[in-house]
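What follows is a short report on a single structure.
Each chain gets a letter, A, B and so on, in the order its sequence line appears, and its residues count up from 1. Quick note: numbers below take in every heavy atom, side chains included, and nothing from hydrogens, waters or symmetry partners. These numbers come from a predicted model, not from an experiment.
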Amino acid sequence: MSLGKFIAKRAFQAFVTLIGALLVVFLIMRILPGDPARLIAGPEASWEDIENIRKMLGLDKPLYIQFIEYVKCVFKGDFGKSIKYGTPVINEILARLPYTVLLAVAAEAIAVALALPLGVYSALKPNSTLSRFISAISLFGASLPIFWLALIFIYIFSAKLKWLPSFGAGSWKHLILPSFTLALLLMGNLTRITRSSVMEAASMNHVTTAVAKGLDNGKVLRRHVLRVSMIPIVTIMGLQIGSLLGGAVITETVFAWPGIGSLLIDSIFYRDYPLAQGIILFIVLAFVIVNLAVDFIYGLIDPRVRSRTWS
Amino acid sequence: MSIVLDVRNLKVYYELGNGVVKAVDNVSFQLYKGEVLGIAGESGSGKSTLGQAIAGLIRPPGRIVGGQILFKGKNLLELSESEWRKIRGKEISVIFQDPNSYLNPVYTVGFQVAEAVEAHNGGSPKHYIHKAIELLKMVRIADAPRRAVNYPFQLSGGMKQRVLTSIAIANKPELIIADEPTSALDVTVQAEVVELLLELKKELGSSMIFITHDLPLLLEIADRIMVMYAGKIVELGSSHHIRNNPLHPYTRGLLESVRYERKAKLKSIPGSIPSLISPPPGCRFAPRCPFAYEKCRKIEPPLKQVDGRLVACHLFNEGGNDG
Ligand SMILES: Nc1ncnc2c1ncn2[C@@H]1O[C@H](COP(=O)(O)OP(=O)(O)O)[C@@H](O)[C@H]1O
Ligand code: SF4
Ligand SMILES: [Mg+2]
């Protein structure tokens, strides 16, 4: 398969996934109890007021008409108007997106920078004291409830030491606590996967060939162990970035970080159908794109994958 | 003839949770310059462990517990890791059994051959692509320049074994250890690969240790043959002696079983190799030996010079110094 054909095929798959997601999200929003018209009208409103608002929002029409209208909005590119803000959904998402991307990239980068060396070290020296310590810490990190970790961080670094702001965004200092909180959570899995896949790669027979050539340890490690161990590591990284791009809901909420995650929670509470639908579609899209990127990287790492998929 | 390799009382053990596997237990032999020494024995006799010990490739849980490996007079077991690195692949090379798993799947074969040159000449593999192609031609890979940019999965088993061979000979080693180099290959290409190895060995003036469970093959290609059983040498002599007059019951069993049916398991020797964690006392072959008698189960037979070769069996030593 050529690279062009590979991309075309994957784009088509992505399209089908998105249409499916569109329908599911649309239906789930309507199944949720609660009525946006009633929420907007407020507790004092009369039945007539509510009916009027419902008409204005188009919620009086049959479901299938509503769906068709929504699909039209999606293809127009504005994803409909937010009920709460009255602005096009796409504007709301784009306003929040940079924060989510920033937090996702920062958290994943910190996690990778810490987890890869720790994982490789504990794979190569599995019986050392430091390795046992790393294993314990990564298990601990992966099993902590994140809000608890966030609160501890806030307590230490904001309340006590007063080094860092505890909420909001705006300066690089605001990024530190939420990104480290997330990174610590991501690190556990990443360290364990790195450790196990490096250990597996190091025990492979081709490593013996490399040693038998007289190659020095650094080259044996880089070329014959690490490169071969990358596929499971890249897989986990992809999954992590995908879910971070969907908004780290708890972290964003605790730190009042203005990303996609907190916007989603907001829109669901407000029964802001178009906004919630738009965000979920965006999350699906982010997953599709990350998966595509991961598949592409597999091909770069392993020529066997490349020949099966796109070379 | 000068001695290239002198192995003395070598012990290589695997230290596992449930005990110590004595894979090579007190093995001594010499290798002469230019000769082909065959090592035969059923799977699990310790042949590979012995080969890997000589090439400096024993890794935990394996450990060299005792003895000496004198290579050109120098004890390899006293070398530092960086001294070892100058020997591996340069003076002593190994050709491994399974060409599929002993090549790295994510690099081209040309790169992997070039690496063998790089390891002892510095620079980067890129500098040695031409040299790599030359080496691929030496192992008679057709269309070598095009094959050099192939990945292992694009080559046949026989071709991969040739690539491994070209890696082993890249630096004209004095000693080549071939560990079952043909066992994983189609019968049709086995003979070609063996022939190629012998020719290259001659061309480079190297000595060779050829490990296989195929004793009849060794009768054709080896100068001397060492038969191992359960971590020990049971018989060591010239191919001529072993062919015409095998003495040890195990050697005879190996030859007979193949005479009946080349592929079958050792038909004439029922049973299998004993546990190397707690081997039977006395002769390790006693539980399977048709000639075993009381002494065999109590006293370990030492290697004795009998009829022009070494053999470890009480049958040929009765009334000797241990009786
Ligand atoms: N890496 C290892 N770990 C534990 N035991 C091993 C290892 N390699 C070999 N052994 C054991 O050592 C003994 C000899 O094995 P090996 O040297 O491979 O024999 P051969 O090459 O003659 O088949 C066997 O009992 C085998 O199970
Ligand atoms: S020593 Fe005894 S048991 Fe061992 S091979 Fe000789 S006869 Fe058989
Ligand atoms: Mg073996």
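Judged purely by atom type and a 3.5 angstrom limit, A:Lys213 has no side-chain atom pairing as donor or acceptor with the backbone of B:Ala170. In this structure a side-chain-to-backbone donor-acceptor pair under 3.5 Å is missing from A:His206 to B:Asn100.
By the neighbour-count criterion of 12 heavy atoms within 6.0 Å, atom CD of B:Glu83 is densely surrounded, having more than that number from other residues, nucleotides or ligands. The number of heavy-atom neighbours closer than 6.0 Å to CZ of B:Phe71, taken from other residues, nucleotides and ligands shown, is above 12. The local environment of CD1 in A:Ile250 is sparse, with at most 12 non-hydrogen atoms from other residues, nucleotides or ligands closer than 6.0 Å.
Separating the CD atom in B:Gln112 from the CZ atom in A:Arg223 is a distance of 10.5 Å, to the nearest 0.5 Å.
Taking the centre and axis of the six-membered ring of B:Tyr107, the NZ or CZ atom of A:Arg227 falls inside the cone set by 45° and 6.0 Å.
Of the atoms belonging to B:Ala116, heavy atoms from both backbone and side chain fall under 4.5 Å from chain A. With a 4.5 Å cut-off on non-hydrogen atoms, B:Ser101 touches chain A through its backbone and its side chain both. Both the backbone and the side chain of A:Arg304 have a heavy atom closer than 4.5 Å to some heavy atom of chain B. Heavy-atom distances place the side chain of B:Leu164, and not its backbone, under 4.5 Å from chain A. Only the backbone of B:Leu103 has a heavy atom closer than 4.5 Å to any heavy atom of chain A.
In terms of heavy-atom proximity, A:Val228 sits nearest to B:Val106 at CG2-CG2, 4.2 Å. The minimum heavy-atom distance between B:Arg85 and A:Asn217, with the atom names listed, is NH2-ND2, 3.9 Å.
Salt-bridge annotation for A:Lys219 and B:Glu115: absent, with no side-chain N of the basic residue lying under 4.0 Å from a carboxylate O of the acidic one.
For residues 135-163 of chain B, a heavy-atom distance under 4.5 Å to chain A picks out B:Tyr151, B:Phe153, given by residue number.
Side-chain contact between B:Glu118 and A:Leu215 is present, with at least one heavy-atom pair separated by less than 4.5 Å.
Of all the listed residues (B:Ala168, B:Pro173, B:Ala55, B:Pro125), the one sharing the greatest number of non-hydrogen pairs under 4.5 Å with chain A is B:Pro125.
Under the ring pair (Phe, Tyr, Trp, His ring centres under 6.0 Å) criterion, B:Phe96 pairs with B:Tyr102, sequence neighbours left out.
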